[in-house]
Q: 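Right, I'll just put the structure down here and ask away after.
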Amino acid sequence: MTFKNNLIAQSFFSVSGFILPAILLLFSFQLISNYFNSEYLSIFLILNTFITIGTALDVGLKINLVKTVSTDLKTGKSFINSLVNYVIIILFLSIFFSLAIFIFKPYLVQYYPNFDSKILNIALTYFCIFFSFHHLAICLPFFYEGLNNFKNSFQLKLMKSIVTNIFPIFYCIFSNNFDFIYFIKVFTFGQILSLFLMIIYIYFDLKEKFLENEFKIFTFSEIRSTIKLSKHIFLNTLLGILFVQLISLYVFSNFKSEVSNIFKIISIILGYINQFFASIFMIILPIFSNEDFNKLKNKISYTFKLNLALSSVGYTTFVIFITFITNNYNFNQSFDSLGFSFYYLAFGYFLSTTKYPLVLSAISFEKPQIISIHNSINFIICSSIILFRPANIDTVSLIFSGSQIVSYFALITTWRYYFK
């Protein structure tokens, strides 16, 4: 099978593993907005924002898990042992993040004076409980991606999405109980249940491998080495996620719920389009990890051009569709309050999407410092939102779009320097 055909074939389940859970998540947002008022939806979206920020803690570890398992499979080492040790490390990082949120919870409650402080406090408390379960669960599909088994990865992602996104709101509907705290409790239970179901799935799928494996916990030096490999990716991902979520948190605290909610939902949809294209090309990570750059230079160029063409069509189609719907069917009056923000956001996310082949290839060939500069630029520019406190939603979105333009050229320049 040629590289192009392999890319398309392997991408099918990778894309499915993204797009179906994304649809289910957006569907759950719609249901929540139907049964809870805008304030409660805002609180739930704030929890979603902290979940997204928390994922930066171990994205480097998850990507290294893909690379490690891929290498173990090639060399005949125990990839089960690698999975167990990575899960243990990720567990400690998850607990650390939950404790950090718990400690700063009083400040976070005060930061949002427009919300019911009691409800927000309880919601953040439950967040500290369910986040570790959620965090562990989302690392398990990466294990199968390391085995180049995107079909099983897709099945795990779909299972988790159903249990965590659809089950909680449907349970509230069928039980006819629309107390928001009750919903958060069911949501927490769904996060715990999904983790155990995914562990059972993996165990029975690879039962023989588990029984044959002699578990050896990483030594301190091995743990330190593993984290050292991940620190660049961690810091870059943290900055990459923070600059987007910083905007969301600022909007929630300075604009009305109707505006901030539609801004956040549009950002989530655009973010999912961004991740959709990332999922298409995610398979190049295990493919490139064990190869030499010079041998794959032409293939990297091909994936970059392919991504540029596909994302151009994808974002243009989405913008035209939303514009047509809002102009002809009065789809949602809240869109009017965004002004030009939608177009600024769409252009910024488009530029972000075109970077993926370069970013993934930099990680594959262990040069994550390439993405340090462009993520730092994004973070510095977007931090100005807090310093200058713009009162116009268009200005906020324009800052985001501008940061993407500057960082885009910084990434290309840095990438060419390291890969002369």
Side-chain angles (χ1 to χ4, degrees), residues 21 47-70 72 77-105 124-147 152-153 156-157 159-161 163-164 184 187-207 209-210 213-238 241-242:
L47 295 183
N48 180 270
T49 298
F50 283 118
I51 287 174
T52 305
I53 293 174
T55 59
L57 279 174
D58 54 21
V59 166
L61 284 171
K62 291 169 187 171
I63 291 176
N64 277 328
L65 174 60
V66 175
K67 295 177 63 178
T68 301
V69 170
S70 177
D72 288 347
K77 293 182 179 180
S78 174
F79 51 79
I80 296 294
N81 198 70
S82 296
L83 169 66
V84 173
N85 281 280
Y86 270 86
V87 165
I88 292 173
I89 298 172
I90 290 171
L91 173 61
F92 280 105
L93 289 174
S94 302
I95 293 174
F96 171 79
F97 184 77
S98 295
L99 288 175
I101 294 295
F102 185 80
I103 292 171
F104 288 102
K105 187 173 60 172
L124 288 171
T125 300
Y126 274 96
F127 170 87
C128 297
I129 297 172
F130 71 69
F131 177 75
S132 294
F133 294 94
H134 163 77
H135 219 197
L136 288 177
I138 61 176
C139 82
L140 298 180
F142 284 80
F143 164 67
Y144 275 115
E145 291 174 11
L147 296 176
N152 283 20
S153 176
L156 284 183
K157 291 176 182 178
M159 178 194 302
K160 178 177 177 5
S161 182
V163 176
T164 59
I184 293 296
F187 181 77
T188 302
F189 174 75
Q191 298 288 348
I192 298 172
L193 178 61
S194 69
L195 174 62
F196 284 104
L197 290 176
M198 293 171 79
I199 291 174
I200 292 172
Y201 177 99
I202 293 176
Y203 176 77
F204 281 102
D205 182 50
L206 299 170
K207 186 176 181 180
K209 295 291 183 181
F210 274 97
N213 183 70
E214 293 183 5
F215 293 102
K216 295 180 180 179
I217 301 298
F218 282 173
T219 63
F220 179 75
S221 61
E222 288 175 318
I223 294 175
R224 185 173 59 183
S225 176
T226 300
I227 295 177
K228 183 179 180 180
L229 288 171
S230 306
K231 68 178 182 180
H232 280 294
I233 303 173
F234 158 66
L235 291 174
N236 291 320
T237 307
L238 179 64
I241 290 177
L242 275 180

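For this chain, numbers begin at 1 and follow the sequence in order.
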Q: As an exercise, state the distance from OG of S161 to CD1 of I138, rounded to the nearest 0.5 Å.
A: 12.5 Å
Q: What's the shortest heavy-atom distance between S194 and T164, and which atoms?
A: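 Where S194 meets T164 most closely, the heavy atoms are OG-CG2, 3.5 Å.
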Q: I want to check something: taking the side chain as every heavy atom from C-beta on, are I101 and F50 in contact at a cut-off of under 4.5 Å?
A: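 Yes, their side chains come closer than 4.5 Å.
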Q: Hey, what do you get for OG (S98) to CG (L93), rounding to the nearest 0.5 Å?
A: 11.0 Å
Q: What are the two closest heavy atoms between C139 and I90, and how far apart are they?
A: CB-CD1, 3.8 Å
Q: Quick one: closest heavy-atom pair of L136 and V87, and the distance?
A: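 Scanning both residues completely, I find the closest heavy atoms to be CD2-O, 3.6 Å.
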Q: Begin from the C-alpha positions of L47 and L124 and carry the test side chain to side chain contact (heavy atoms under 4.5 Å, CB included) through to its verdict.
A: CA-CA 7 Å; L47 295 183; L124 288 171; 3.9 Å; yes
Q: Distance check, rounded to the nearest 0.5 Å: F92 atom CZ versus S132 atom OG?
A: 11.0 Å
Q: What pairs with F102 under side chain to side chain contact (heavy atoms under 4.5 Å, CB included), at least two apart in sequence or on another chain?
A: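 Residues passing side chain to side chain contact (heavy atoms under 4.5 Å, CB included) with F102: K105, C128.
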Q: Can you name the nearest heavy-atom pair linking K157 to P21, along with the distance?
A: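 So the two residues come closest at O-CG, 3.9 Å.
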Q: For residues 199-207, which side-chain N or O atoms pair as donor and acceptor with protein atoms under 3.5 Å away, sequence neighbours left out?
A:
| unit_1 | atom_1 | unit_2 | atom_2 | d |
| --- | --- | --- | --- | --- |
| Y201 | OH | Q155 | OE1 | 2.3 |
| D205 | OD2 | Y144 | OH | 2.5 |
| D205 | OD2 | N152 | ND2 | 3.1 |

Q: Starting from the C-alpha separation in whole Å, work towards a yes-or-no answer on ring-ring contact (aromatic ring centres under 6.0 Å, His included) for F130 and H134.
A: CA-CA 6 Å; F130 71 69; H134 163 77; 7.4 Å; no
Q: Taking the side chain as every heavy atom from C-beta outward, state whether F133 and T188 have any pair of such atoms under 4.5 Å apart.
A: no
Q: Roughly how far apart are N48 CG and F127 CZ, rounded to 0.5 Å?
A: 10.0 Å
